[in-house]
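One-based numbering along the sequence shown.
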Amino acid sequence: MRVLFTTVPATGHFHPLVPTARALQQAGHEVAFATSESFHPTVQTSGFRALPAGIGPEALGLDVQEMQKRHAAMSKANPAERIDQVAGMFVGRLSRGMAPDLLKLCESWRPDLLIRETTEFASVIVGEKLGIPHASIQVGGASFSSFGKDIFARHLDSLRAEHGLPPDPELESLFHYLHLSFMPASYFGNSPLPRTTHYLRLAVFDQSGSEGLPAWASSLGSRPILYATLGTVFNKLIHHLGSVASGLRDEPVDLIITVGRDMDPAELGPQPPHIHVERYIPQSLLLPRCDLAIMHGGYNSVMSALYAGVPMIIVPLAADQPMNAQACAELGVARVVDPEQLTPEVIRQHVREMLKDGSYRERARRFQAESQALPGMERGVALLEQLAREKQPLLQG
C-alpha cells in the first residue's frame with residue numbers, strides 16, 4: 001500500500017502524524033509526506049520521504065509576535081469574525097495553495113490512501129476528485145460541530161467549486177471515510193467528533209533529536225517536580241517563562257523550564273539551583289516524573305501531559321490553545337490563566353493551591369487510565385488497511 005500524508009508545514013501539525021506513519025512503515029507500507037519544500041528537512045530528519053506541495057509559513061508573513069497580536073485582536077472580535085479568519089488562513093490560503101500541487105503529485109505518485117491532519121483540506125478535494133479514499137488524524141481541540149461549520153463550509157465550497165466539485169454545506173466530505181483520535185471521546189465533551197471517528201491509545205512522538213534526560217534529573221524526587229514550556233512555536237514569548245521562574249524562585253519545588261532548541265537558556269538570566277533551564281527535553285521522558293505542568297495549551301503538550309496523568313496550569317496564547325484550555329478546565333485537570341494576567345504572584349498562588357489539592361491529580365490519573373485503555377496503533381493500521389482495500393466509510397462500532 002502506498003500512503004501519502006499531508007500536513008500544514010508546522011511541527012505541531014506534523015508530529016501527531018508521525019506515530020501512524022511509522023506504524024505503517026513497520027507494517028511494510030510505502031509512506032511519504034506532501035508539504036511545502038521549506039518544511040522538507042523536518043520531515044526527512046524524522047525518516048520520511050518528502051514531496052513538494054503547497055506554500056510554507058514564510059509565504060504567510062507571520063511570526064510568533066504577529067500571531068499573538070492577531071490572536072489578541074481576534075479575541076475582541078465576535079466569534080463569527082474569529083472563525084472566518086481561521087478558515088481564511090487554513091482553507092483560503094494554505095489549502096488553496098496546496099491543492100493544485102497535490103493534484104499533480106497524486107496523478108504521478110498514485111497513492112492508495114491519503115491521510116491528513118485536520119487543518120489540511122486539500123487532500124479532501126484531491127481525494128474526492130481522483131477517487132482516492134482519505135483518512136484524517138485529529139490535531140487540535142476543535143470539533144466542527146461547534147467550530148463554525150457554516151463558515152468553514154462557505155470557504156471550502158469556494159475551493160471545491162474551483163475544482164469542479166459540488167457544494168458540501170454539511171462538511172460531510174471532510175470525515176467521510178475514517179477519522180482517528182488519540183484523545184478519548186470525553187475530552188471533546190459536548191462537541192462530539194464525527195461518526196467515522198475511532199479512538200486510539202496515544203503514541204507520543206517528541207524525540208525528534210538526540211536529546212534525553214539531563215544528568216541532573218537523577219537527583220530529583222525529594223520535592224514536587226514542575227515543568228514549564230511554551231512548546232516549539234510560542235517559546236519565542238519567553239517573558240512568560242520568566243514570570244514562572246520569578247514566581248517559583250523561593251518555593252520548595254524543583255522547576256524544569258525548556259525554552260526550545262532555537263532559544264538560549266541564558267535569556268532567562270541566573271537561576272537558583274532548584275530551577276533548571278534547558279533548550280529541549282522530550283516530554284515523554286520528563287512528564288511521567290512531574291507533579292504539575294505549566295504550559296501554553298498546545299494540543300500535543302496537552303495530550304502528553306494527560307497521557308502521563310499530570311495536571312496543568314494553562315496559559316493559552318493563540319491558535320486552538322483556548323479551546324484546549326477550556327476542555328481541560330471542564331475535565332477538572334487544569335486551571336487556566338489569562339496571559340495578560342500572568343504574574344509571578346498569580347503563578348505562585350496557583351501552584352501552591354494545586355499541589356495542596358490532590359483532586360486535580362486524581363482526575364488527571366482517571367483520564368490517563370481512560371486513555372491507556374484504548375486500542376493501540378495496531379488497530380489504527382488495520383483500519384487504514386481496510387479503508388484502502390474497501391474504499392468505504394468505517395463507522396464507530
Side-chain angles (χ1 to χ4, degrees), residues 6-8 10 13 34 53-55 60 70-71 74-75 77-103 106 114-181 185 187-198 299 318-324 326-327 387 391-396:
T6 61
T7 179
V8 166
H13 297 253
I55 62 175
L60 298 177
R70 287 198 176 195
H71 177 76
M74 287 170 61
S75 67
N78 66 56
E81 290 175 336
R82 294 200 300 268
I83 295 168
D84 188 63
Q85 288 188 45
V86 172
M89 181 174 71
F90 284 104
V91 180
R93 299 191 67 182
L94 290 169
S95 295
R96 178 169 276 111
M98 175 178 273
D101 295 338
L102 187 61
L103 184 62
C106 287
L114 295 169
I115 303 177
R116 68 185 180 95
E117 44 89 4
T118 43
T119 67
E120 196 293 293
F121 303 99
S123 58
V124 177
I125 304 292
V126 171
E128 186 173 344
K129 193 172 179 69
L130 298 181
I132 305 171
H134 51 85
S136 52
I137 292 176
Q138 183 72 25
V139 173
S143 165
F144 282 92
S145 64
S146 64
F147 197 62
K149 180 173 72 174
D150 56 336
I151 297 173
F152 265 88
R154 173 166 52 82
H155 283 269
L156 279 163
D157 281 347
S158 174
L159 182 57
R160 290 173 63 84
E162 292 174 18
H163 292 270
L165 297 176
D168 180 21
E170 297 301 315
L171 300 179
E172 293 179 355
S173 63
L174 295 187
F175 308 101
H176 177 72
Y177 291 102
L178 174 64
H179 183 56
L180 302 180
S181 171
Y187 179 81
F188 301 96
N190 296 321
S191 302
L193 296 181
R195 294 185 308 149
T196 53
T197 303
H198 294 253
Y299 191 65
D320 67 328
Q321 296 158 24
M323 286 179 286
N324 297 326
Q326 180 181 349
L387 174 58
K391 300 185 179 181
Q392 295 296 322
L394 302 179
L395 303 181
Q396 296 175 27

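- Rounding to the nearest 0.5 angstrom, the gap separating the OH atom in Tyr299 from the NE2 atom in His13 is 12.5 Å.
- Note that the SG atom of Cys106 and the CG atom of Asp101 stand 11.0 Å from one another [nearest 0.5 Å].
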Checking Leu174 against Arg116 for the side chain to side chain contact (heavy atoms under 4.5 Å, CB included) test, could you report, in this order, the C-alpha distance in whole Å, the side-chain angles of both residues, the deciding distance, and whether it holds?
CA-CA 10 Å; Leu174 295 187; Arg116 68 185 180 95; 3.6 Å; yes
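- When each of Val124, Leu165, Val91 is checked for a side-chain contact (heavy atoms from CB on, under 4.5 Å) with Leu156, only Val91 meets the rule.
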So Asp84 and His155, side chain to side chain contact (heavy atoms under 4.5 Å, CB included) or not? Walk me through it.
CA-CA 8 Å; Asp84 188 63; His155 283 269; 2.8 Å; yes
Does Arg195 form a side chain to side chain contact (heavy atoms under 4.5 Å, CB included) with His179? I'd like the steps, not just the answer.
CA-CA 9 Å; Arg195 294 185 308 149; His179 183 56; over 6 Å; no
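- A donor-acceptor pair under 3.5 Å links the side-chain atoms of Gln138 to the main chain of Gly140, judged by distance alone.
- You'll find the side chain of Ser181 reaches within 4.5 Å of the side chain of Phe188, heavy atoms only.
- The minimum heavy-atom distance linking Thr7 with Met98 is given by the pair O-CE, 3.9 Å.
- In this structure, CZ on Arg96 lies 8.0 Å from NE2 on His163, to the nearest 0.5 angstrom.
- Contact record, Gly127 with His134: CA-CD2, 4.4 Å, taken as the closest heavy-atom pair.
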Candidate pair His176 and Thr196, rule side chain to side chain contact (heavy atoms under 4.5 Å, CB included), full reasoning
CA-CA 7 Å; His176 177 72; Thr196 53; over 6 Å; no
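- Under the 3.5 Å distance criterion, the side-chain polar atoms of Gln396 are matched with a main-chain donor or acceptor of Pro194.
- A distance of 8.5 Å separates CG of Leu130 from CG of Leu114, quoted to the nearest 0.5 Å.
- We find the CG-CG distance between Asp157 and Asp168 to be 6.5 Å, quoted to the nearest 0.5 Å.
- When all heavy atoms of Ala153 and Pro169 are compared, the pair lying nearest together is CB-O, 3.6 Å.
- A tilted orientation is assigned to the rings of Phe152 and Phe121, their planes being inclined by 30° to 60°.
- Here CD1 of Ile83 is found 4.5 Å from CD1 of Ile151. Values are rounded to the nearest 0.5 Å.
- Closest heavy-atom contact between Gly131 and Lys391: O-NZ, 4.2 Å.
- Residues Leu94 and Ile55 are in side-chain contact: their nearest non-hydrogen atoms beyond the backbone lie under 4.5 Å apart.
- The shortest side-chain heavy-atom distance between Ser123 and Leu102 falls under the 4.5 Å cut-off.
- Here the side chain of Ser95 pairs a donor or acceptor atom with the backbone of Phe90 at under 3.5 angstrom.
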